[in-house]
Amino acid sequence: MMPISAANRRPSPARPGPLRAVCATAAAAILLLAAGSVPAASAPAGPADENAPAQAGAMAWETLIDGNSFASRAALESEWNYLYPWGSDHNGSARMYASSTDSNHLFLSPAGQLNIKATRITWDEGVSNKDPHLPIRYHSAAIHAKNQITVNDTYPSYEIRGEFQAPSARGTWPAFWITGANSWPPESDILEFKGDARNWFNTYDGGWDNTIVPVGSPGSWHEYRIWMTKINATDVEIHYYLDGVWKARHVGSNFVGKPMNLIINLQMEGASGSPGPTTDTHFRARNVYVGRTAN
């Protein structure tokens, strides 16, 4: 979820040839399924564009978040921490207030569905402690996964996905993203709406790759997904998908070996424009899943 002052650059468009499955990855998944190592719902589906790397050999598959972490408050708190990894503020005008005793802005209803609510406030709460230090005009919520994402020789590939109902009105800034735990970059934005009905698939490694995709009815359920895999000693390849359809291939330089946090948040204003809405804004999530290959 990029700072609003960052300069963006568009990547060269992917070649438009036909999509194809990566047979080696599928074969690995089938072998693991046959051996009972991977639950059917968690079997990895590798990249499906013509530039996708083949995965050599069958590797074990590990599930970090199984899609049921929003089934109850106890399940949520076993897999996720409240707020951003760095606290309550970031680069918009919303301050995060969720906690184990505060369910006003983050709640589970029905079971299996995460609801984040941003509410306009009418009093002066100062400014955000993060650049560009916007005035705090909203209370909202964020969570970040307890398990960090680290691509390396032991865990060379990750799948991260979830289903979301995202607000897209001016001044609303929902996101589902990974960012460096100890440094910035790296960053990959799996879902990011910035005040209109277009999702920004972004990769930041010191420069931005942005693939901007129109989404029909973002407030309806859609699945957002990445497949991220190590391609050399320092770099990863990230494939972005919307509703199971491949949309982009980015290369993230110097991602390997760098722990990243997975975050779900509803930020407001900033890069999504202002003024934001005066009524409550909702961002909903379900079936969030994280898995990885393991050598």
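Position 1 is the first residue of the sequence; numbering continues from there.
- Tracing side-chain contacts under 4.5 Å through hydrophobic residues (I, L, V, M, F, W, Y), one reaches Ile136 starting from Trp123; they form part of the same cluster.
- Side-chain contact annotation: Ser69 with Trp80, donor-acceptor N/O pair under 3.5 Å present.
- Not one N or O on the side chain of Asp205 forms a donor-acceptor pair closer than 3.5 Å with the backbone of Gly252.
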Show me, pair by pair, the donor-acceptor contacts under 3.5 angstrom made by side chains of residues 105-113, not counting sequence neighbours?
from, atom 1, to, atom 2, distance (Å)
His105, ND1, Lys117, O, 2.9
Gln113, NE2, Ser109, O, 3.2
Gln113, NE2, Asn115, OD1, 2.9

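- For the pair Arg170 (side chain) and Ser274 (backbone), a donor-acceptor distance under 3.5 Å is present.
- In this structure, Tyr224 and Phe193 have perpendicular ring planes: the angle between them is above 60°, well past the 30° mark.
- In summary, the side chains of Gln148 and Asn261 do present a donor paired with an acceptor at a separation below 3.5 Å, with no hydrogens or angles considered.
- Cation-pi geometry between Arg286 and Trp221 is met: under 6.0 angstrom from the ring centre, within 45 degrees of the axis.
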- [ ] Give the intermediate values and the outcome of side chain to side chain contact (heavy atoms under 4.5 Å, CB included) for residues Lys247 and Tyr241.
- [x] CA-CA 5 Å; Lys247 296 296 181 180; Tyr241 301 81; 5.9 Å; no
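- Residues Tyr97 and Ile263 fall into different hydrophobic clusters, defined by Ile, Leu, Val, Met, Phe, Trp and Tyr side chains chained together at heavy-atom separations under 4.5 Å.
- In plain terms, the two heavy atoms of Thr172 and Ser272 that are nearest each other are O-CB, 3.1 Å.
- Counting only heavy atoms from C-beta outward, the side chains of Ile149 and Tyr158 approach each other to under 4.5 Å.
- Residues Glu77 and Lys146 approach most closely at O-NZ, 2.5 Å, considering heavy atoms.
- Salt-bridge annotation for Asp235 and Lys230: absent, with no side-chain N of the basic residue lying under 4.0 Å from a carboxylate O of the acidic one.
- With rounding to the nearest 0.5 angstrom, the OG atom of Ser100 is 11.0 Å from the CG atom of Asn81.
- The side-chain heavy atoms of Leu76 and Tyr82, taken from C-beta on, include a pair separated by under 4.5 Å.
- The closest side-chain donor-acceptor pair between Glu269 and Ser93 falls under 3.5 angstrom.
- Nearest heavy atoms, Ile238 versus Met228: CG1-CG, 3.8 Å.
- Between the side chains of Tyr204 and Thr179, no donor-acceptor pair of N or O atoms lies under 3.5 Å.
- In terms of modelled atom types and a separation under 3.5 Å, the side chain of Thr293 and the main chain of Ser157 share a donor-acceptor contact.
- No side-chain heavy atom of Gln165 sits under 4.5 Å from any side-chain heavy atom of Phe283.
- For the residue pair Ser128/His90, the side-chain donor-acceptor check at 3.5 Å is not satisfied.
- At a threshold of 4.5 Å between side-chain heavy atoms, the hydrophobic network of Ile, Leu, Val, Met, Phe, Trp and Tyr places Met268 and Ile121 in two separate groups.
- Separation of atoms CD (Glu223) and CG (Leu191) is listed at 11.5 Å; rounding is to 0.5 Å.
- Interatomic distance, NE2 of His222 versus CG of Leu242, reported as 7.0 Å (0.5 Å rounding).
- For Asp102 (side chain) and Asn104 (main-chain N/O), a donor-acceptor pair under 3.5 Å exists by modelled atom type.
- Annotation for Lys130 and Asn91: closest pair CB-N, 4.4 Å, computed over non-hydrogen atoms.
- Between Pro174 and Leu266, some side-chain heavy-atom pair lies under the 4.5 Å cut-off.
- A 4.5 Å side-chain heavy-atom check between Ile264 and Val288 finds at least one atom pair inside the cut-off.
- Here the OG atom belonging to Ser168 is positioned 14.0 Å from the NZ atom belonging to Lys194, to the nearest 0.5 angstrom.
- Here the closest heavy-atom approach between residue Ala248 and residue Thr211 is recorded as CB-OG1, 3.3 Å.
- Ser183 meets the side-chain hydrogen bond (donor to acceptor under 3.5 Å, both in side chains) test with no other residue; sequence neighbours excluded.
- Here the side chains of Leu262 and Ile160 are in contact, with some heavy-atom distance below 4.5 Å.
- At distances below 3.5 Å, at least one donor-acceptor pair connects side-chain atoms of Asp89 with backbone N or O atoms of Asn129.
- The aromatic rings of Trp246 and His239 sit tilted, their planes meeting at an angle between 30° and 60°.
- Between Trp177 and Tyr84, the ring-plane angle classifies as perpendicular under the 30° and 60° cut-offs.
- In terms of modelled atom types and a separation under 3.5 Å, the side chain of Tyr138 and the main chain of Gly276 share a donor-acceptor contact.
- Between the Asp66 side chain and the Asn68 main chain, a donor and an acceptor come within less than 3.5 Å of each other.
- For the pair Met59 and Pro156, the minimum side-chain heavy-atom distance is below 4.5 Å.
- Thr203 contributes atom OG1, which lies 8.0 Å from atom CD1 of Ile226 (distance to the nearest 0.5 angstrom).
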Open item on the list: Val251 vs Ile231, test: side chain to side chain contact (heavy atoms under 4.5 Å, CB included). Steps then yes/no.
Closed with: CA-CA 9 Å; Val251 172; Ile231 56 173; 4.2 Å; yes
TODO: Give the C-alpha distance, both sets of side-chain angles, the deciding distance and a yes or no for side chain to side chain contact (heavy atoms under 4.5 Å, CB included) between Asp131 and His133.
DONE: CA-CA 5 Å; Asp131 185 62; His133 307 291; 4.3 Å; yes
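- In this structure, CZ on Arg292 lies 8.0 Å from CG on Asn152, to the nearest 0.5 angstrom.
- Remark: of the listed residues Arg95, Arg120, Arg137, Arg95 is the sole one forming a salt bridge (Lys or Arg N to Asp or Glu O under 4.0 Å) with Glu125.
- At a threshold of 4.5 Å between non-hydrogen side-chain atoms, the residues Asn202 and Glu192 count as touching.
- When all heavy atoms of Asp189 and Trp208 are compared, the closest pair comes out as OD2-CZ3, 3.9 Å.
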Open item on the list: Does Glu79 form a side chain to side chain contact (heavy atoms under 4.5 Å, CB included) with Phe70? I'd like the steps, not just the answer.
Closed with: CA-CA 9 Å; Glu79 299 287 356; Phe70 303 146; over 6 Å; no
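- Atom CG of Asn295 is surrounded by more than 12 heavy atoms from other residues, nucleotides or ligands within 6.0 Å.
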